[in-house]
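Structure first, commentary second.
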Amino acid sequence: VQLQASGGGLVQAGGSLRLSCAASGRTFSSYALGWFRQAPGKERRFVAAISWNGSRKKYADSVKGRFTISRDNAKNTVYLQMNSLKPEDTAVYYCAAGGYGMGSSAELYDYWGQGTEVTVSS
């Protein structure tokens, strides 16, 4: 599976962005998908995850109520809708796919996209 993330950019605090991650491969619909982010000088951290059929979702406490993860298996794409953005959301965002079930651990994910940069100005 190859993943290509897009949709990052510069936005003012309080604004919104939608990240997309397009995947290649026939088994996309069987994978759990996740979004992680890495701020400058910090470790990569979990943001959100979604099960293979979209029935279950999990969010980091820091983004609950502001971010929404979704997927379209017909388009081999996972999305992250980000609303009410804050300067602390500034990071490079990575999408990931894994066959071990949905979760917040990076170890569950075998495949990673290249990242898309999000900058939130105050």
Side-chain angles (χ1 to χ4, degrees):
V1 176
Q2 291 185 325
L3 303 170
Q4 180 74 35
S6 62
L10 173 64
V11 63
Q12 288 188 333
S16 298
L17 281 175
R18 188 175 81 154
L19 305 184
S20 299
C21 179
S24 62
R26 294 176 294 175
T27 57
F28 173 84
S29 60
S30 66
Y31 286 106
L33 301 169
W35 286 97
F36 291 75
R37 67 187 181 185
Q38 187 167 17
K42 296 188 177 181
E43 295 182 349
R44 189 173 300 188
R45 303 189 72 170
F46 169 75
V47 175
I50 188 167
S51 61
W52 68 275
N53 62 356
S55 64
R56 293 181 297 126
K57 300 177 184 180
K58 183 180 179 70
Y59 297 94
D61 288 344
S62 58
V63 306
K64 279 181 182 176
R66 300 189 298 122
F67 290 12
T68 302
I69 188 171
S70 62
R71 66 188 294 166
D72 186 337
N73 286 344
K75 295 182 178 180
N76 279 11
T77 303
V78 60
Y79 305 97
L80 185 68
Q81 177 66 44
M82 306 187 296
N83 299 327
S84 302
L85 283 161
K86 304 175 181 180
E88 51 263 43
D89 295 318
T90 294
V92 177
Y93 284 71
Y94 298 89
C95 57
Y100 303 104
M102 184 192 74
S104 60
S105 171
E107 295 180 352
L108 293 171
Y109 301 91
D110 297 313
Y111 306 100
W112 294 82
Q114 86 291 357
T116 185
E117 188 169 5
V118 172
T119 302
V120 184
S121 63
S122 58

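What you see is a predicted model, and the numbers here were worked out from it, not measured in a lab. Along the sequence shown, the residues carry numbers beginning at 1.
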(request) Carefully, step by step, assess Phe36 and Phe46 under the rule ring-ring contact (aromatic ring centres under 6.0 Å, His included). (result) CA-CA 4 Å; Phe36 291 75; Phe46 169 75; 5.7 Å; yes

(message) I'd like to know if Leu17 and Ile50 are part of one continuous hydrophobic network [Ile/Leu/Val/Met/Phe/Trp/Tyr, side-chain heavy atoms within less than 4.5 Å].
(response) yes

(message) Tell me whether Asn83 contacts the main-chain N or O of Thr68 through its side chain, where contact means a donor paired with an acceptor under 3.5 Å.
(response) no

(request) Considering only NZ, NE, NH1 and NH2 on the basic side and carboxylate oxygens on the acidic side, decide whether Lys86 and Asp89 come within less than 4.0 Å. (result) no

(request) State, with a plain yes or no, whether a side-chain heavy atom of Ser20 is found less than 4.5 Å away from one of Tyr79. (result) yes

(request) Look up atom CG in Leu108 and atom OH in Tyr100, then write down how far apart they are to the nearest 0.5 Å. (result) 9.0 Å

(message) Would you compute the distance between atom CG of Leu3 and atom CG of Leu33 and round it to the nearest 0.5 angstrom?
(response) 7.5 Å

(request) Look up atom CD in Glu43 and atom CZ in Arg37, then write down how far apart they are to the nearest 0.5 Å. (result) 14.0 Å

(message) Could you check whether any side-chain heavy atom of Met82 comes within less than 4.5 Å of a side-chain heavy atom of Leu19, counting everything from C-beta outward?
(response) yes

(message) Do Tyr31 and Val1 make a side-chain contact, defined as non-hydrogen atoms from C-beta onward lying under 4.5 Å apart?
(response) yes

(message) Taking atom NZ as the centre, does Lys75 end up with more than 12 heavy-atom neighbours from other residues, nucleotides or ligands that are less than 6.0 angstrom away?
(response) no

(request) Evaluate the side-chain proximity of Cys21 to Gln4: yes if any heavy-atom separation is below 4.5 Å, no if none is. (result) no

(message) I need the Ser16 OG to Leu85 CG distance, nearest 0.5 Å.
(response) 6.0 Å

(request) First locate atom CZ of Arg45, then atom CD of Gln38, and finally report the distance between them rounded to the nearest 0.5 Å. (result) 11.5 Å

(message) Working to the nearest 0.5 angstrom, can you tell me the gap between Ser70 OG and Gln81 CD?
(response) 8.0 Å

(request) Considering non-hydrogen atoms only, spot the tightest contact between Ala48 and Tyr59 and give its length. (result) CB-CD2, 3.7 Å

(message) Given the ring of Phe28, does Arg71 sit roughly above its face, with NZ or CZ under 6.0 Å from the centre of the six-membered ring and within 45° of the axis?
(response) yes

(request) Report yes if some heavy atom in the side chain of Ile69 is under 4.5 Å from a heavy atom in the side chain of Phe67; otherwise report no. (result) no

(message) My understanding is that only residues two or more places apart in sequence, or in another chain, count here; which of them pass side chain to side chain contact (heavy atoms under 4.5 Å, CB included) with Ser51?
(response) Asn53, Ser55, Arg56, Met102

Identify every side-chain donor-acceptor pair in residues 110-121 under 3.5 Å, counting partners at least two apart or on other chains, and give the distances.
residue : atom : partner : partner atom : Å
Trp112  : NE1  : Tyr109  : O            : 3.4
Gln114  : OE1  : Ala5    : N            : 3.2
Gln114  : NE2  : Ala5    : O            : 2.9
Thr116  : OG1  : Gly8    : N            : 3.0

(request) Determine the minimum heavy-atom distance between Ala32 and Gly101, stating which atoms define it. (result) CB-C, 3.8 Å

